[in-house]
Amino acid sequence: MATERYNAPEREQHWQKVWEDKQTFRTADDMSRPKCYVLEMFPYPSGRIHMGHVRNYTMGDVLARFKRAQGFNVLHPMGWDAFGMPAENAAMERKSHPKTWTYENIAAMKAQLKSMGLSLDWSREIATCDPSYYVHQQRLFLDMLAKGLAYRRKSKVNWDPVDQTVLANEQVIDGRGWRSGALVEQREREQWAFRITHYTQELLEALGTLEKWPDKVRLMQENWIGRSEGLLLWWKLDAATAPAGHDALQIFTTRPDTLYGASFMAIAPDHPLAKAAAEKDAKLAAFCEECRRMGTSVAEIEQAEKLGYDTGITAIHPLDPTWKVPVYVANFILMDYGTGAIFGCPAHDQRDIDFAKKYGLPIIPVVAPKDEPKRGQVVAKIHEGVAYLDDGEMINSHFLDGLSPSAAFDAVARRLEGENLDGKPVAERKINYRLRDWGISRQRYWGCPIPVVHCETCGTVPVKAQDLPVVLPDDATFDQPGNPLDRHPTWKHVDCPKCGKAAQRETDTMDTFVDSSWYFARFTAPNAATPTDRAALDYWMPVDQYIGGIEHAILHLLYSRFFYRAMGDTGHGGSTNLPEPFAALFTQGMVVHETYRRADVEPPQWLLPTEVKFDVDGDKRTATELATGKPAIIGSIEKMSKSKKNLVDPDDIIQHWGADCARWFMLSDSPPERDVIWTEAGVASAGRFMQRAWRLVDLTIENAAAKGAAMAPKLGPEALALRRTAHKVLDQVGRHIEALRFNVAVAQLYELSNSLSDAFNASGEGLAEAQREACELLVQMLGPMMPHLAEECWARLGYNTLLAEQPWPKADPALLVDDTVMVAVQVNGKRRGELSVSRGADNGEVEAAALKLEAVVRALEGKTPKKVIVVPQRIVNVVV
RNA sequence: GCGGACGUGGUGGAAUCGGUAGACACACAGGACUUAAAAUCCUGAGAUGGAAACAUCGUGCGGGUUCGAGUCCCGCCGUCCGCACCA
């Protein structure tokens, strides 16, 4: 039989059509079977898929196909995170409509995803920009509003005065709008927000239950939530110095133990006390204004000097009424953390010590090591300006002296909790969090409309449920900055749902992170008349394996955890109200690629991989620009990006090499959580393996036993060895796929292929049947990874069934253990030889045989062993 | 600054529990087939010394625990990531 090359692009289309025609991957809600919900983070429809998508969706697909073969009822859906600014920006640039642009992109990307041969149930497809999706999101919003989980508040926002919109912090680059380049202003604005802080403690605690999440992500969320335990503490203000109406100042501290080290108070420029004081002090007002103008970028904060302004107000020490400390306004105090005020203890806080040195404030050490000379050294260091942060015992602290800081914390808390200030306790223990409520208002068109109406008489009124959805008007204009909904001539003018008088719609739309905070739940019942279907949720949720990028470690994954809880509390959860949506999370690495640029040009002019050719001389590799013939520089390996031009188009790869080849490459070599370096050589290698697997099937058809042949009753050593390899690999590959160690699974499939190849150059009793078995197992194991090739091979092996519908084969346990094992023999831990040992051999026999080994005798140099350690099936160590 | 992860051949990486370090692949070198090339097949290879047998060294560096350490413990160095004026 002449071996033709496997024509991947052509055959892949064939099998995709077969799967589609047969609806192979359509998922039924067959609740009698065990389920498995495999989900990859859905894409933003930018227009084309990129290699990151290929990697992400390949991993999910391998798992989904594997689980399906194992007999699970698998849910593996796909949709589109379709709202967002790029669509609106594209509309402004090309004078098209965001909707047109988005749906065209969806169509193009859907075709691309289909060409990857993913086992997706497309009947459940969701686009978040479709009214059939966002109607339910509006319903969820209204129910959250009724429960107080959504509310309106005044808050500070980054305002781009050119684009006339709020910008997220990530969209502010060096104090300027990322798109307009305009200086961003801090503005107070009425904003819709979700009360994520209602669940703060729960979101923190439940992290402990997410055992199948990466520790890294859990830790990142933990830090983001930022719990700290401390004391809320009132300081009386000296009436002679304080503005009217301000007789006390409340601060938050995690170190009440260091209270006797206090030498100043500092308050935020926006603090009410600062504002009151500024009314009578023009210089202070100017100082506060200056602070407000200061940038918020990382660089600016690092360079910014710690500045303070003495207000002239003094505060009375809570533990000593005769002790007064000055109150400063300081540029480094944040109004939205704690109470926007602190007491400064310079000796034990580096920032406070810098501040104290600068303004000549006292520095009183109150914690120091127990013993000299360490104590003296620490105190000396403090006076040089190095704060002491470690444990020790209290000094200079009156009734606290000699206590440990933690005991002093309790002692101070106990004393002050009992004291009174105008009927209120002076101090209370308080757990403070960094987590803020989630502001969701965006002054944008292409987002989910917030379904409320503002009425002069009735205030903010929810749209009636039967009037949902509030649909975006198609006839908006995008030719100028600002919110198209706000300037639309008619859309916002409606009657108040309550009193019927003329009123105005809310023109803000929701942050697109809202859309992606519950799509996974909608997939379980994409056509339900309500946002979710309880029975479907009960069956399918939680997602058994979620796969996506680490960049979503905090926002998306935290928002989803919140939202799913909020859904439960508003009657949209499952009957058991399981709070966590994602049982297991996997964060995959990026796809990276070499960069290329023209030589001797500044700034760098980047070249596409397709614009250069390479010459290899020994281990030296040089690049030449194709168009000019000039040498090009091979630069560092970086994340694929448009700016560095180090892009490879999945379409090109799929059309030239086939989807299976791209999939195989993505799974090979690099562990899935790490970055994978995309190389031409790597693709070629994957392509070679594809052809090799194809030839092995040929060899099987020509030389091995026929389909369905019974295993020969007697097996020669060659046949037995091949069977053992095949079944061991089968056993291992299953485990590795389960654990998402695809690179190791791939290596083992190479090993089986090598053994099968070798077997065609050997002969022995029963080998033909063993070859047949090994080849069929190989093809079945390739199924989840290279599904088209595997179907083609399966058909060539004589089957008229679909491989995608075959159950996963079972390894024969008898073949997983060897009759004889090679055991290493060490002398004093150094390997000196090896020994072939039968499985049943007892330790005494093994020890005796080991001591007879020539290399062991030589290494012993006539000495008598003190001890011989025999680890059965593993190792012998002779100790002298 | 705080928190975390990682460090294994020329390269990507493998090594369930502490038990033969370097599986598998890439790149490289040699050979077979070919007029030639491609494709394919075979062979080699951690480093040093040696013709070889073999010996010594070897998982970032320095210590430790252990019969035995890539794996566990302590201290460094380096790289990467996250957060960051958080009281």
Side-chain angles (χ1 to χ4, degrees), chain A residues 3 5 214-224 226-228 230-231 251-255 258 266 268 294 296 298 300-302 304-306 330-334 336-345 349-352 354-355 389 432-434 550-551 553-554 616 618-619 621 665 668-671 673-677 679-682 684-686 688-689 691-692 695 732 735 739 741 743-754 757 761 822-835 855 858 865-880:
Chain A
T3 304
R5 285 180 66 79
D215 291 342
K216 185 185 174 153
V217 175
R218 288 194 291 179
L219 193 74
M220 280 164 76
Q221 292 210 353
E222 196 181 312
N223 291 339
W224 186 263
R227 178 193 156 104
S228 55
L231 219 55
I251 56 117
F252 174 73
T253 178
T254 55
R255 295 294 304 270
T258 64
M294 290 249 303
T296 49
V298 173
E300 280 169 306
I301 286 168
E302 275 191 353
E305 218 179 328
K306 308 283 176 273
N331 63 347
F332 56 88
I333 303 299
L334 308 170
D336 63 355
Y337 187 80
T339 61
I342 63 155
F343 83 86
C345 174
D349 184 297
Q350 193 57 44
R351 192 191 52 203
D352 291 352
D354 295 343
F355 191 81
L389 309 172
N432 208 36
Y433 298 94
R434 217 183 63 111
I550 185 77
E551 66 274 18
I554 296 171
V616 179
D619 50 5
R621 206 163 133 264
F665 179 90
S668 313
D669 287 349
S670 285
E673 68 278 10
R674 286 199 219 167
D675 291 351
V676 62
I677 306 171
T679 60
E680 194 57 28
S685 160
R688 272 201 301 277
F689 179 72
Q691 298 299 337
R692 194 164 155 233
R695 282 194 307 277
Q732 289 294 310
R735 292 169 200 270
R741 288 190 296 258
N743 56 321
V744 190
V746 164
Q748 297 202 293
L749 290 172
Y750 272 111
E751 209 164 315
L752 176 56
S753 306
N754 291 344
S757 287
N761 296 322
M822 289 308 260
V823 165
V825 182
Q826 301 178 328
V827 176
N828 284 338
K830 202 163 268 187
R831 186 179 169 277
R832 294 295 171 179
E834 53 184 14
L835 202 57
R858 206 167 347 119
K866 279 191 207 138
K867 186 153 76 158
V868 180
I869 289 148
V870 180
V871 183
Q873 318 286 311
R874 290 251 166 190
I875 207 161
V876 179
N877 193 7
V878 182
V879 187
V880 267

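In what follows, chains carry the letters A, B, and so on, assigned in the order in which the sequence lines appear, proteins first and then strands, with residues in each chain numbered from 1.
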If we call it a pair only when both distances are under 3.5 Å in a Watson-Crick or G-U wobble match, what pairs with [N]?
| N | answer |
| --- | --- |
| U34(B) | none |
| C26(B) | G10(B) |
| C17(B) | none |
| G1(B) | C83(B) |
| U66(B) | none |
| G46(B) | C57(B) |

[atom1] gap between [N] and [M], integer Å:
| N | M | atom1 | answer |
| --- | --- | --- | --- |
| G7(B) | U71(B) | C1' | 14 Å |
| G18(B) | A39(B) | P | 45 Å |
| G58(B) | A47(B) | P | 16 Å |
| C6(B) | C28(B) | P | 33 Å |
| G64(B) | G13(B) | P | 32 Å |
| G68(B) | A51(B) | P | 35 Å |
| C61(B) | G9(B) | P | 10 Å |
| C72(B) | U20(B) | P | 16 Å |

Rounded to the Å, how far apart are [X] [atom1] and [N] [atom2]?
| X | N | atom1 | atom2 | result |
| --- | --- | --- | --- | --- |
| F343(A) | C86(B) | CZ | P | 15 Å |
| I554(A) | G3(B) | CD1 | P | 17 Å |
| D352(A) | A87(B) | CG | P | 11 Å |
| L334(A) | C83(B) | CG | C1' | 14 Å |
| N223(A) | G3(B) | CG | P | 10 Å |
| D215(A) | G3(B) | CG | P | 17 Å |
| K306(A) | C85(B) | NZ | P | 9 Å |
| W224(A) | C86(B) | CH2 | P | 15 Å |

Going by heavy atoms in the side chains, are [X] and [Y] under 4.5 Å from each other?
| X | Y | value |
| --- | --- | --- |
| E673(A) | P214(A) | no |
| N828(A) | K830(A) | no |
| D349(A) | T258(A) | no |

From the options [options], select the nucleotide whose nearest atom is closest to the side chain of [X].
| X | options | value |
| --- | --- | --- |
| Y337(A) | C85(B), C24(B), A87(B) | A87(B) |
| A681(A) | G19(B), A27(B), C86(B) | A27(B) |
| A747(A) | A84(B), C24(B), G19(B) | C24(B) |
| Y750(A) | U20(B), A87(B), C24(B) | C24(B) |
| R831(A) | C86(B), A21(B), A55(B) | A21(B) |

Gap separating the [atom1] atom of [X] from the [atom2] atom of [Y], nearest 0.5 angstrom:
| X | Y | atom1 | atom2 | answer |
| --- | --- | --- | --- | --- |
| R874(A) | M822(A) | CZ | CE | 15.5 Å |
| K306(A) | I333(A) | NZ | CD1 | 10.0 Å |
| S668(A) | F689(A) | OG | CZ | 8.5 Å |
| Q826(A) | I869(A) | CD | CD1 | 9.5 Å |

Just call it for [X]: base, sugar-phosphate, or nothing, with non-hydrogen atoms closer than 4.0 Å on any strand.
| X | value |
| --- | --- |
| T253(A) | sugar-phosphate |
| R858(A) | sugar-phosphate |
| R227(A) | nothing |
| I333(A) | base |

With syn defined as a glycosidic angle within 90° of 0 and anti as everything else, classify G9(B).
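Base orientation relative to the sugar is syn.
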Which way is the base of C17(B) turned, syn or anti, if we draw the line at 90° from 0?
syn
So does E680(A) have more than 12 non-hydrogen atoms from other groups sitting under 6.0 Å from CD?
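Count not over threshold, so no.
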Distance below 4.0 Å between N754(A) side-chain N/O and A25(B) OP1 or OP2
yes
S228(A) vs C86(B): side-chain N/O to OP1/OP2 distance below 4.0 Å
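For S228(A), the contact criterion (side-chain N or O under 4.0 Å from OP1 or OP2 of C86(B)) is not met.
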Pull out every protein N or O sitting under 3.5 Å from an N or O of nucleotides 38-45 of chain B, one pair per line with the distance.
residue	atom	partner	partner atom	Å
U40(B)	O3'	R695(A)	NH2	3.4

Assign a letter to each nucleotide of nucleotides 4-17 of chain B from its 5' end: B, base within under 4.0 Å of a protein heavy atom; S, sugar-phosphate only; -, no contact.
S-------BSS-B-
Shorter than 3.5 Å, N or O on both sides, protein versus nucleotides 57-68 of chain B: list them out with atom names.
residue	atom	partner	partner atom	Å
C57(B)	OP2	K830(A)	NZ	3.1
C67(B)	O2'	N877(A)	ND2	3.1
C67(B)	O2	N877(A)	ND2	2.6

Go through the steps for R218(A) and D215(A) under the test salt bridge (charged side-chain N to carboxylate O under 4.0 Å, His left out), then give the verdict.
CA-CA 5 Å; R218(A) 288 194 291 179; D215(A) 291 342; 2.7 Å; yes
